[in-house]
Trainee: 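Take a look at this one; I'll ask things after.
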Amino acid sequence: MWLLPFSYSWYFCTTISKYTKDMPIPMHDISQWYNEIVEKAGLAEHSPVRGAMTIKPYGWALWENIQRPLDEAFKATGHQNAYFPLFIPLSFLAKEAQHVEGFAQECAVVTHYRIHTDSQSRAVKPDPEAILEEPLVVRPTSETIIWHTFKKWIRSYRDLPLLINQWANVVRWEKRPRLFLRTSEFLWQEGHTAHATAEEALQEAHRMLNLYADFVENYLAIPVIKGRKTPTERFAGAVETFTIETLLIDGKALQAGTSHFLGQNFAKAFDVRFLTQNNELEYVWATSWGVSTRLIGAVILSHGDERGLILPPRIAPLQVVIIPVWRKEEEKDKVSAYAHALADHLKKKNIRTRVDDDPQHRPGWKFNEWELKGVPLRWVVGPKDLEEQTVEVVWRNTNERTTCNYQQAIESISTWLENFQKALYQRAQERLNRHTHYIDSYVEMRRILEEKGGFVLAHWDGTADTELKIKEETGATIRCIPLEAESEVGACIYTGRPSQQRVLFAKAY
RNA sequence: CGAGGCGUAGCGCAGCCCGGUAGCGCACCUGCUUUGGGAGCAGGGGGUCAGCGGUUCAAAUCCGCUCGCCUCGACCA
């Protein structure tokens, strides 16, 4: 067996391998596996501040590769980036009743503007003489400060639609933080738009939901279910909340992105009106939408396996790692030069490539390390390959390996990466299908949720009361009312009352 | 915020029950040999035992409080 320095050695070899193939996975084990991967792969670590994480260079590179295509997509759909303040006057937050109620439990508040050293205790403390007249809330989201600003920007129908996005950090004080999935401070983008009509705003909410769905499926290789949230699960202050829900390898659901139709709630709270073509004053219609660094958590928990991360090529910081191997000293330079020549060819094709010729580690160590970091393809070159002008190619997802001519490998690289991307998606799609259950008996639903996890599609009578009882009894919530499902008359799984459509239940993060 | 577990070298841990010189593996430094799946040998450096307080001649060890981390619940992108 390997003599590994890390405790995950035994862990990956024995425990996890049997879980990642299929659900169910005991939560205890998958948590540990997740924490180990995040830390050992160099994505992030805990900071001295509870609930706040340090994103490390490899994790940040991943985030940049998520940000870039999203940012381009926002701009391509006519949105402009801007930046609004981190601090929100308490009175702003209070202006929309539902909104403030929804976030009240998790707000960090700035109350002082100075610290001083206490003359008695020598302790450094907030200066009691320096209390802010109005406390500032560290933004949990920016609707209020943005709508305060929109009031100044919007005069007439000619100013509409107003399509704004900001990349920012937000703070929601979390009781139970988990790296990437739920931290007290997280990074995201929040889109905020204003429109002349309800139809147009609703259309925008749908448009951005679809943009998210396409991104998550095409870039992150994670299939999603698009749907509406129930009133209980709705964003505080929204008329309608849309979501994309994903199913992770442990059978739990994760909300990967949301889009809200805000109606005129914020326009009324902040008195944002515009003159129509008929010279009449009307309140504007609004949307907001966001995805966060949680997407990184989704990637880890969708594609990872017993060896570590598996990253979709489109967002992988490195797509190919080239590892030179030699026996004799005189081979070293030649093989290394060969490896770098291959890398240059790949870089010319815009393939994110790195040669790992670090003399500190032997090849076996590097194989394990780059597998842990999820690099899609590994090219290994040694004296034999140099002589025969070949390269050994190893696929991270299947561990399949082939040796082929180097020119052929360079020719094929783009196709290989595309196929890798598709294969990852397909595997995730199959898992989603395999663990989506159409259930008509409450007993059966409880059994499935308890034993296997996954999605349950069942009929619901549409009441918050039933929703709450099912949540209390099974731990599962209604993730969404699917948008692309056929209507189907049935009986509520809990009360037997009539239902027009199945809704998606799952235990969630 | 409730329940349970854990804090000893950078990481993983032993020592604690039964108080008496701070240990092991990996990592790190030096040298030589190695390199196609986590290299070997030799030598070396590194600790306010989470913090604060108490008991004691003496505390990593016993007692109290605080903080942090992990798992499970209630709350959430």
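What you see is a predicted model, and the numbers here were worked out from it, not measured in a lab. Within every chain, numbering begins at 1; the chains are lettered A, B, ... in the order of the sequence lines, protein sequences first and strands thereafter. Heavy-atom basis, side chains included; hydrogens, waters and symmetry copies ignored.
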Trainee: Between A/Asp305 and A/Arg396, is there a salt bridge with N-O shorter than 4.0 Å?
Mentor: yes
Trainee: Quote, to the nearest angstrom, the C1' distance that separates B/C18 from B/A60.
Mentor: 15 Å
Trainee: Scan nucleotides 74-77 of chain B against the protein and return all N/O pairs shorter than 3.5 Å with their distances rounded to 0.1 Å.
Mentor:
unit_1, atom_1, unit_2, atom_2, d
B/C75, OP2, A/Lys471, NZ, 3.2
B/C76, O2, A/Arg182, NE, 3.1
B/C76, N3, A/Arg182, NE, 3.2
B/A77, O3', A/Gln255, OE1, 3.4
B/A77, O3', A/Gln255, NE2, 2.4
B/A77, O2', A/Arg294, NH1, 3.2
B/A77, N6, A/Thr183, N, 2.8
B/A77, N6, A/Thr183, O, 2.7
B/A77, N3, A/Ser292, OG, 3.0

Trainee: For B/C28, which nucleotide in any strand shown is its Watson-Crick or wobble partner with both distances under 3.5 Å?
Mentor: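 Base-paired to B/G44.
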Trainee: Sequence neighbours left out, what passes ring pair (Phe, Tyr, Trp, His ring centres under 6.0 Å) with A/Phe242? Give chain and number order.
Mentor: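 Partners of A/Phe242 under the ring pair (Phe, Tyr, Trp, His ring centres under 6.0 Å) test: A/His206.
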Trainee: Should the side chain of A/Glu371 and the base of B/G37 be counted as holding a donor-acceptor pair, with the cut-off at 3.5 Å?
Mentor: yes
Trainee: Is B/U21 paired to anything, Watson-Crick or G-U wobble with both distances less than 3.5 Å, and if yes, which nucleotide?
Mentor: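 Paired with B/U21, as far as the under-3.5 Å criterion goes, is no nucleotide at all.
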Trainee: Using a cut-off of less than 4.0 Å, is there contact between a side-chain N or O of A/His361 and OP1 or OP2 of B/A39?
Mentor: no
Trainee: Is the distance from OP1 or OP2 of B/C69 to the nearest side-chain N or O of A/Asn35 less than 4.0 Å?
Mentor: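 It does not, given that no N or O in the side chain of A/Asn35 lies less than 4.0 Å from OP1 or OP2 of B/C69.
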Trainee: Considering only atom C1', compute the distance from B/G54 to B/G12 and round it to an integer number of Å.
Mentor: 33 Å
Trainee: A/Arg362 CZ to B/U35 C1': how many Å, rounded?
Mentor: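 Spelled out: CZ on A/Arg362 to C1' on B/U35 is 5 Å.
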Trainee: With both distances under 3.5 angstrom, what nucleotide forms a Watson-Crick or G-U wobble pair with B/G68?
Mentor: B/C6
Trainee: Just checking A/Asp385: base, sugar-phosphate only, or nothing, at a heavy-atom cut-off of under 4.0 Å?
Mentor: base
Trainee: Excluding sequence neighbours, so at least two apart, what forms salt bridge (charged side-chain N to carboxylate O under 4.0 Å, His left out) with A/Lys56?
Mentor: A/Glu45
Trainee: A/Trp188: which residues meet the ring pair (Phe, Tyr, Trp, His ring centres under 6.0 Å) condition with it, sequence neighbours left out?
Mentor: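 Scan of A/Trp188 (ring pair (Phe, Tyr, Trp, His ring centres under 6.0 Å), adjacent residues dropped) gives A/Phe186.
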Trainee: Closest nucleotide of RNA chain B for A/Lys366 versus for A/Glu39: which of these residues is on the 5' side?
Mentor: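 Whichever sits nearer the 5' end wins; that is A/Glu39.
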Trainee: Pairing check on B/C1: which nucleotide meets the Watson-Crick or G-U wobble criteria with it, both distances under 3.5 Å?
Mentor: B/G73
Trainee: Please give, in whole Å, the distance from B/C69 C1' to A/Met53 CE?
Mentor: 17 Å
Trainee: Between A/Glu329 (CD) and B/U34 (P), how many Å, whole number?
Mentor: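 Answer to the nearest Å: 9 Å.
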Trainee: In whole Å, measure the gap between the P atoms of B/G43 and B/G7 for me.
Mentor: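 32 Å, rounded to whole Å.
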Trainee: Searching all strands shown, indicate the nucleotide that pairs with B/A59 (Watson-Crick or G-U wobble; both distances under 3.5 Å).
Mentor: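 Pairing partner, where one exists within any strand: none, as none qualifies.
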Trainee: Within the structure shown, what part of the strands sits under 4.0 Å from A/Pro383 by heavy-atom distance: base, sugar-phosphate, or nothing?
Mentor: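 Base contact.
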Trainee: Using the P atom on both, measure B/C52 against B/C70 and round to a whole Å.
Mentor: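 The same atom, P, in both gives a distance of 24 Å.
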Trainee: Taking only the C1' atom of each, what is the distance from B/C65 to B/C76 in whole angstrom?
Mentor: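 Per the computed distance, 32 Å lies between those C1' atoms.
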Trainee: Looking only at side-chain atoms of A/Lys40, point me to the closest of B/U71, B/G37, B/C11.
Mentor: B/C11
Trainee: Say you pick atom C1' in B/A74 and the same atom in B/C1; how far apart are they, in whole Å?
Mentor: 8 Å
Trainee: Mind checking A/Gly382 for me? I need base, sugar-phosphate or nothing, with any heavy atom below 4.0 Å counting as a touch.
Mentor: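 Touches a base.
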Trainee: Does one side chain, of A/His99 or A/Glu101, offer a donor that lies under 3.5 Å from an acceptor on the other?
Mentor: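 No, A/Glu101 and A/His99 have no side-chain donor paired with an acceptor closer than 3.5 Å.
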Trainee: Compare the minimum distances between each of B/U35, B/G37, B/U71 and the side chain of A/Asn368, then state the nucleotide with the smallest one.
Mentor: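 Output: B/G37.
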Trainee: Counting only Watson-Crick pairs (N1-N3 plus N6-O4 or O6-N4) and G-U wobbles (N1-O2, O6-N3), all under 3.5 Å, who is the partner of B/U35?
Mentor: none
Trainee: Please state how far atom CD in A/Glu45 lies from atom C1' in B/G68, giving the value in whole angstrom units.
Mentor: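 Whole-Å distance recorded here is 15 Å.
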Trainee: Is the shortest heavy-atom distance from the side chain of A/Ile413 to the side chain of A/Val320 under 4.5 Å?
Mentor: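 Touching, per the 4.5 Å side-chain cut-off.
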Trainee: Report the C-alpha distance between A/Leu386 and A/Val381 in whole Å, list the side-chain angles of each, state the deciding distance to 0.1 Å, and finish with yes or no for side-chain contact (heavy atoms from CB on, under 4.5 Å).
Mentor: CA-CA 7 Å; A/Leu386 178 58; A/Val381 292; over 6 Å; no
Trainee: Under the side-chain hydrogen bond (donor to acceptor under 3.5 Å, both in side chains) definition, can you give me all pairs with a residue in residues 384-394 of chain A, not counting sequence neighbours?
Mentor: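 Of all non-adjacent pairs touching residues 384-394 of chain A, those that pass side-chain hydrogen bond (donor to acceptor under 3.5 Å, both in side chains) are A/Asp385-A/Thr390.
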Trainee: Sticking with atom P, work out how far B/G51 lies from B/C11, rounded to a whole angstrom.
Mentor: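 Approximately 14 Å lies between the P atom of B/G51 and that of B/C11.
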Trainee: Quote, to the nearest angstrom, the P distance that separates B/G37 from B/A42.
Mentor: 25 Å
Trainee: Among all residues two or more places apart in sequence or in another chain, which pass the side-chain contact (heavy atoms from CB on, under 4.5 Å) test with A/Asn81?
Mentor: A/Asp71, A/Lys75, A/Asn165, A/Trp167
Trainee: Distance check needed: B/G73 C1' versus A/Glu473 CD, whole Å only.
Mentor: 17 Å
